[in-house]
Amino acid sequence: KKPRKGEATDSGPASGKEAGVVDEKAKAGSDFNEFLKTLKKPAAQDIVQQTKRFIRRMMQGSSNMKVSEQAELVQEFYQGVDDRLQTHALFKGTTDEQQKLIMDYLEKYIMTQIYHIVWSPR
């Protein structure tokens with residue numbers, strides 16, 4: 001089938017809007033990978049340990065916790081990490097926007113670890 005004028009084709013180059021979305025997704029993936037590399041630095045180990053403790057706690061206690069208790073645990077963790085990032089040497093000097101992005105990446109990392117607990121029926 002021959003595409004109509006203005007219709008996208010599989011073989012043709014992406015439109016400006018489509019290329020922008022692709023570029024944005026690639027940058028987001030690259031930024032997330034950089035965040036993961038940052039977590040491997042010795043200076044980040046306290047944050048890594050705090051995150052691992054939280055994940056273990058969620059995994060071990062999920063069957064005994066109500067959703068409201070899980071939500072409270074999550075909020076306490078995020079608030080604690082957010083507070084820690086404010087004074088952490090590795091993240092000192094980051095803007096509010098960068099701190100929000102770091103928290104988004106941390107949430108993404110955690111959710112890849114506990115999604116089956118959070119989203120599976122009990």
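Here the structure is a predicted model, which is why all the values come from computation and not from measurement.
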For the student: nearest non-hydrogen atoms of [X] and [Y], plus distance:
| X | Y | result |
| --- | --- | --- |
| Val48 | Leu39 | CG2-O, 3.2 Å |
| Asp82 | Gln99 | OD1-OE1, 4.0 Å |
| His116 | Gln113 | CE1-O, 3.2 Å |

- Query: Under the criterion side chain to side chain contact (heavy atoms under 4.5 Å, CB included), which of Arg56, Met58, Gln70 is the partner of Ile114?
  - Reply: Met58

Inter-residue atom distance [X].[atom1] - [Y].[atom2], 0.5 Å rounding:
| X | Y | atom1 | atom2 | value |
| --- | --- | --- | --- | --- |
| Phe35 | Met103 | CZ | CE | 9.0 Å |
| Leu101 | Thr94 | CG | OG1 | 10.5 Å |
| Met111 | Ile55 | CE | CD1 | 10.5 Å |

- Message: Going by salt bridge (Lys or Arg N to Asp or Glu O under 4.0 Å), name the residues that satisfy it together with Lys100, two or more places apart in sequence or in a different chain.
- Response: Asp104

- Message: Going by salt bridge (Lys or Arg N to Asp or Glu O under 4.0 Å), name the residues that satisfy it together with Lys40, two or more places apart in sequence or in a different chain.
- Response: none

- Trace of the side-chain contact (heavy atoms from CB on, under 4.5 Å) decision for Gln49 with Gln45: CA-CA 6 Å; Gln49 292 305 314; Gln45 290 314 295; 4.2 Å; yes

- Which of parallel (below 30°), tilted (30 to 60°) and perpendicular (above 60°) describes Phe54 and Phe77?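 Rings of Phe54 and Phe77: parallel, under 30°.
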
May I ask you to check whether over 12 heavy atoms, not counting those of [X], lie within 6.0 Å of atom [atom1]?
| X | atom1 | value |
| --- | --- | --- |
| Glu97 | CD | no |
| Arg84 | CZ | yes |
| Asp96 | CG | no |

With a 4.5 Å heavy-atom cut-off, do [X] and [Y] have their side chains touching?
| X | Y | answer |
| --- | --- | --- |
| Gln79 | Gln75 | no |
| Tyr105 | Leu36 | no |
| Gln98 | Phe91 | no |
| Ile47 | Leu90 | no |

- Ignoring hydrogens and angles, state whether a donor on the side chain of Gln50 or Asp46 is under 3.5 Å from an acceptor on the partner side chain. no

- Side-chain donor or acceptor of His88 paired with backbone N/O of Ala43 under 3.5 Å: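 Between the backbone of Ala43 and the side chain of His88 there is a qualifying donor-acceptor contact (under 3.5 Å).
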
- Query: Are the side chain of Glu69 and the backbone of Lys66 linked by a donor-acceptor contact shorter than 3.5 Å?
  - Reply: yes

